[in-house]
Structures are given as C-alpha cells and as structure tokens.
Amino acid sequence: MLKDFAKLETFLIVVRERSFSKASAKLGISQPAVTQQIKYIEEYLDTKIIERKKNGVKLTKDGEKLLTIALRLERAIVTAEKETMKIIKKDFSFNIGASFTIGNYILPNCLGNIKEMIKNDVFVKIDSSDNIIEALIEKKIDLALIESPIFKDNIVYREWVEDEFVLFSNSPLPKTVKKEDLLTFSWICREWGSNTRRIINETLDDVGIDCTTFDIKGVVSSSTGVKHTVLKSPKFPEESPKPTVAILSKYVVQDDLVNNSLHESKIRGCKLKRKLYLAYLKDRKNDAFVDTVSSCLMCNKNLG
DNA sequence: TATGTATCGACAACGGTTCG
DNA sequence: CGAACCGTTGTCGATACATA
C-alpha cells in the first residue's frame, strides 16, 4: 500500500481539509472515490484511521501514527520529484493561462518556484476564464487558473485557493460597517458581466442588500483600474462628502493595505468569498510538467 | 424537517496481461 | 499484433445518518 502513494495522498488531503467532500474538490475527483480510498487503507491496515464526526473528521490513534509515516513519505517524494525533473531534458516553455486577478496578483508570487521546479521557462497568458478554458481545450496552454469552473468533459477542475473580497477606500473607514452604511459611500465598480461584480451582487443580494441602489461614481473594466481610480479619488472628509469605496479581491489590494495607501473595512454579517480553480486536460494528468506544476501550486505556499 | 455528508451498488473507462 | 479478459479507479444515483 505504501508503494501506492495516491491513497496516502488522499488521506493527507482529507486530514488537512478535515472533510471527505472538501478533499474530493481539492483532488478533482468525486467524493465516493475519496471514501473508497480511505476504506481501502482501513481494510489494508485492518483498523479505523479516521473518526467520521459531526463537525469534520478526527484521526484515531492509529490514524495519527499513519499520518507521521505519510508526512515522511510526502517529504521524500517532493524531493525525489525535484530530482527526477532534472532528468527530463526537454527544453520548452510551460504555458499557464490565468484570469486577470490571478495572473496579475497571485501568480507572480509563485512563478519563481515553478520555474525552479520544472527547470524551464513559464509563460503566463492572461485572459477571461472562458477564453482560458478555450485555450486549454485547444492545447495552447498547459494549465489553467480560473475564477469559476466552466464545466466541460475531459477537464479536471481542482479547488485551488480561497479568495475573499474586501471593502476598501483611500480614506480611513471604521473597522466594521453595517449593511445600511454601504448606501452612504461613493462606489467604483467592475462592469456588469464581470465575474467579480456578479459574485459581489449575488452575495450581497443574499443578505438583503440591493447593489443597484448604490451611488456608483465609476465603472472600470479591470481590477487594477478600479484600485487606481479609488486611490486617486478625492479624500473623505476633506475633499469629498462621501468616502469612495470599492470591493476587490484581497490579493489585489493587500500591498496597499499594508502600506496604508488604502484602508479596509469589514461588512458586518457578510463574508464575500470565492474559490479559485486549477484546471488541466484529463489526458494530460500524467504529464510530468502538468503534474509537477499542479502539485507545486496546490501545496499553496508563497501566495502572499 | 432541511441540509450536508458518508456510504453503497451498478456501471464505465482505462491500462496491463495473456493467448492465439 | 489484436481480441479477450481482468483489476483498478473513477462516476452517478440512491440512501442512510447526524445535525442545525
């Protein structure tokens, strides 16, 4: 069983995600498949390794023991993978397709790692999620990083990282604001039809906030454009009677929040979250480069 | 009672092996 | 070589079960 690391990898993801179904989304396989693999391990070891509990899963004593073994194996495999990549002398450039926010704000943090890992150049093509998936099907790119899965056969979608939208302004805001306060701001928005605008609208709608009643000062068709518009707007209270605000991915504004050129506020009782996805063609899941880059991205380090 | 989650069973796709 | 077979691994739909 140890020779077949796939099952132990599933076990590790279940432990990390504390859930069978979340693990299945991370792995890009169905939830019954995860159950089967864990069951296989339990039958093989003739012992229960995971307690299925109400709020997530918990390891048994034997499960803990298996975990330390699996972690040790995982580390060994990662270093072995690095070494085996050196054998492949193929000289080419690996093409990643990414949607705007990912390509501009998240990927730069891990590109170096990926290049180092596969010993080759990496090109990033930035476009809308739809066009990225199109390019993936046409084999113009090797891997896609997108904001929402556009379900197609022969493509594996894996939940990659969780993103959160944050409310921010170029003037200081209270730590938290109430829903009603949103009507007292001047807004800069993405255009209708953008993924960002859609998610924000839907989420706010769910908690009873109608975005169409906002005082919208500007509509800008890119995250970067929205951010810069807010940065350059008149400041509250000196230059404007209302603070100018926008909602964007935390990855877009994190640097500006740290250096205080922008200020964040939380909306009480409202979490604006979304999942970002990694996708590749099913028949390329055994490609050394697709496989290595995916695991490099999935291990989720250096995302800033 | 509605919802989320784990499990079961039937079945399909795929890869490897065997054999003519 | 290719047809037949077999094991593995996955999907889907149904169901059981616990929890809010």
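Below, chain A is the first sequence line, B the second, and so on; all start at residue 1. Since we're looking at a predicted model, the values are computed, not measured.
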- Using 30° and 60° as the class limits, which term best fits the ring planes of A/F94 and A/F289: parallel, tilted or perpendicular? tilted

- Between A/D62 and A/T60: side-chain donor-acceptor atoms closer than 3.5 Å: no

- The nucleotide from C/dT11, B/dT7, B/dC8 with an atom nearest the side chain of A/K39 is B/dC8

- Message: What's the closest nucleotide to the side chain of A/Q36 if the choices are C/dG10, C/dC12, B/dA6?
- Response: C/dG10

Between atom [atom1] in [X] and atom [atom2] in [N], what is the gap in whole Å?
{"X": "A/F20", "N": "B/dT5", "atom1": "CZ", "atom2": "C1'", "result": "10 Å"}
{"X": "A/Q31", "N": "C/dG10", "atom1": "CD", "atom2": "C1'", "result": "13 Å"}
{"X": "A/I38", "N": "B/dT7", "atom1": "CD1", "atom2": "C1'", "result": "13 Å"}
{"X": "A/I49", "N": "B/dA6", "atom1": "CD1", "atom2": "C1'", "result": "15 Å"}
{"X": "A/E42", "N": "B/dA6", "atom1": "CD", "atom2": "C1'", "result": "12 Å"}
{"X": "A/I41", "N": "C/dT9", "atom1": "CD1", "atom2": "P", "result": "11 Å"}

- Contacts satisfying salt bridge (charged side-chain N to carboxylate O under 4.0 Å, His left out) that involve residues 208-223 of chain A (not counting sequence neighbours) are A/D215-A/K217, A/D215-A/K242

- Between A/T35 and B/dT7, does any side-chain N or O lie under 4.0 Å from OP1 or OP2? yes

- Message: Would you say A/K7 places a side-chain N or O within less than 4.0 Å of OP1 or OP2 belonging to C/dT8?
- Response: no

- All heavy atoms of A/Y251 vs all of A/E162, minimum pair found to be OH-O, 3.7 Å

- Task: Answer with base, sugar-phosphate or nothing: what part of the nucleic acid does A/Q37 contact at a heavy-atom distance below 4.0 Å?
- Result: sugar-phosphate

